[in-house]
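One structure is given here, and the rest of the page talks about it.
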2 protein chains.
Amino acid sequence: MSATPSHRVSTGERINDHEPAGRLQHELSSRGIRLTRQRRVVLQVMESAARHMDAGEILDRAQKIDADITRVTVYRTLDLLKGFGLIDELDLLHLRGHRHYYESHGPRDHIHVACIRCGRVREIESELYEDLKKQISKDCDIEISIARTEIGGVCGDCKAKAVSSD
Amino acid sequence: MSATPSHRVSTGERINDHEPAGRLQHELSSRGIRLTRQRRVVLQVMESAARHMDAGEILDRAQKIDADITRVTVYRTLDLLKGFGLIDELDLLHLRGHRHYYESHGPRDHIHVACIRCGRVREIESELYEDLKKQISKDCDIEISIARTEIGGVCGDCKAKAVSSD
DNA sequence: ATAGATGCAAATATTTTGCCGCCAG
DNA sequence: CTGGCGGCAAAATATTTGCATCTAT
């Protein structure tokens, strides 16, 4: 790792520190969206997520809290949140099949950096990334509302392991 | 559009000008991969693509050239090409459902900029993007082999239309 | 000749929809 | 109260796999 990283780097499992508890609930009710028991549970799962989850994992976690929740409700709630731009849908470079992953994120975009060997995903924020988006916005005359960047490669740990096992 | 864009911008339908004819065939055979009749057709479709296609569209085009090609062969060939990093798999922000799109690309990465209203996708290259990747590579100690960036927003044309229809 | 491809059909996986009874506001 | 919501079952999509046969090298 570089001694003076020019990016804020977060490591390993996703830690949802930027998410004030109840943020999603608040966003929805302030838009006049009905808050059902099931939705509360899915929102709770999304907010407390320690990592990116696909629809099946979200269902599993939701059912641990409230066994009655169905797969269909999860899909419908995810669609709802996507529609309001409150969560992002990622594919993480299709490293593990064609699943889609969901995450609730704070106000600032982050880049997903994944190791194609071990699958670990890190998230980073970058001033340079903000500059790039501004540049694109100007050059393409577009008002950016979604930005997604996924980077894949072999991480340092995996490179080291590859060498030591030769 | 800005008078002096700092990015190379390509507009509208994808024009595959960076792809020397037969590039994919050459890449495969130089790796000792068997070139079957079916694979040649799929490669031809990928190389001559005027835009991003999902698996179904690739199948349709391939069958227009050779009616015997099956869906399964298309999937298997796409997997093969992905495995060698010769094509990219995109979801274009899931703007049109959960389809996956495939594209063969030249040596340089480009950014996909999509209008969330009209769905038009532009591709741009950017020096800033190259800088960003270098920075990430250093900060995260990773050797980057895939980079994908998708940007969404309302394009100038659609903004203009929205105003004029008010 | 033969390792590796294809085709077929069926299995999986994933996501969406119609309809009806139910509940949050 | 009542219009939006959730559950159920089934449909629609999308992708993968086993196996027998064929073919590029």
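All values reported here derive from a predicted model rather than from experimental measurement. Residue numbers begin at 1 in each chain, while the letters A, B, ... track the order of the sequences. Hydrogens, waters and symmetry mates play no part in the numbers below; they use all other heavy atoms, side chains included.
Screening B/H100, B/E57, B/E123 against B/H52 for a side-chain hydrogen bond (donor to acceptor under 3.5 Å, both in side chains) leaves a single residue, B/E123.
Comparing C/dA5, C/dT16, C/dA24 by their nearest atom to the side chain of B/T36 picks out C/dA5. Among the nucleotides D/dC8, D/dC5, C/dA9, the one closest to the side chain of A/V72 is D/dC8. Closest to the B/T70 side chain, of the nucleotides C/dC8, C/dT15, D/dA14, is C/dC8. The side chain of B/D68 has C/dG7 as its nearest neighbour among C/dG7, D/dT25, C/dG25.
One atom, CZ of A/R99, and another, C1' of D/dT15, lie 13 Å apart when rounded to the nearest Å. When rounded to the nearest whole Å, the span between CG of A/D54 and P of C/dT15 equals 8 Å. B/H100 places its NE2 atom 16 Å from the P atom of C/dA13, with the value rounded to the nearest Å. If you take CG of A/L35 and C1' of D/dG4, they are 13 Å apart, rounded to a whole angstrom. To the nearest angstrom, P of D/dA14 lies 16 Å from CG of A/D91. Rounded to whole Å, the distance from CZ on A/R40 to C1' on D/dG6 is 15 Å. Residue B/L80 contributes atom CG, which lies 19 Å from atom P of C/dA3 at whole-angstrom precision. Taking atom CG of residue A/L59 and atom P of nucleotide D/dG7, one finds them 10 Å apart after rounding to whole Å.
Summarising the geometry of B/I116 relative to A/S145, their closest heavy-atom pair is CD1-OG, 3.5 Å, with the distance given to 0.1 Å.
With respect to the salt-bridge test (charged N to carboxylate O, under 4.0 angstrom), the residues A/D66 and A/R40 do not qualify. Electrostatic pairing of A/K134 and A/E130 does not count as a salt bridge here, judged by no charged N lying under 4.0 Å from a carboxylate O. The pair A/E89-A/R148 does not count as a salt bridge, with every side-chain nitrogen at least 4.0 angstrom from each carboxylate oxygen. Salt-bridge annotation for B/R76 and B/D79: absent, with no side-chain N of the basic residue lying under 4.0 Å from a carboxylate O of the acidic one.
Residue A/T73 has no polar side-chain atom (N or O) positioned under 4.0 Å from OP1 or OP2 of D/dG6. Distances shown here put every side-chain N or O of A/R39 at or beyond 4.0 Å from the OP1 or OP2 atom of C/dA24. Between C/dC23 and A/Q38, no contact under 4.0 Å exists linking OP1 or OP2 to a side-chain N or O. In terms of phosphate contacts, A/Y75 brings no side-chain nitrogen or oxygen within less than 4.0 Å of OP1 or OP2 of C/dT16. Listed pair A/H98 / C/dT15 fails the phosphate criterion, with no side-chain N or O lying under 4.0 Å from OP1 or OP2.
If you check every strand for non-hydrogen atoms under 4.0 Å, B/R71 touches a base.
Evaluation of atom-type donor-acceptor distances gives a pair under 3.5 Å for the side chain of B/R76 against the base of C/dG7. Contact annotation: side chain of A/R34 to base of C/dG25, donor-acceptor pair absent below 3.5 Å.
Between B/S29 and B/E89, the one whose closest nucleotide on DNA chain D sits nearer the 5' end is B/E89.
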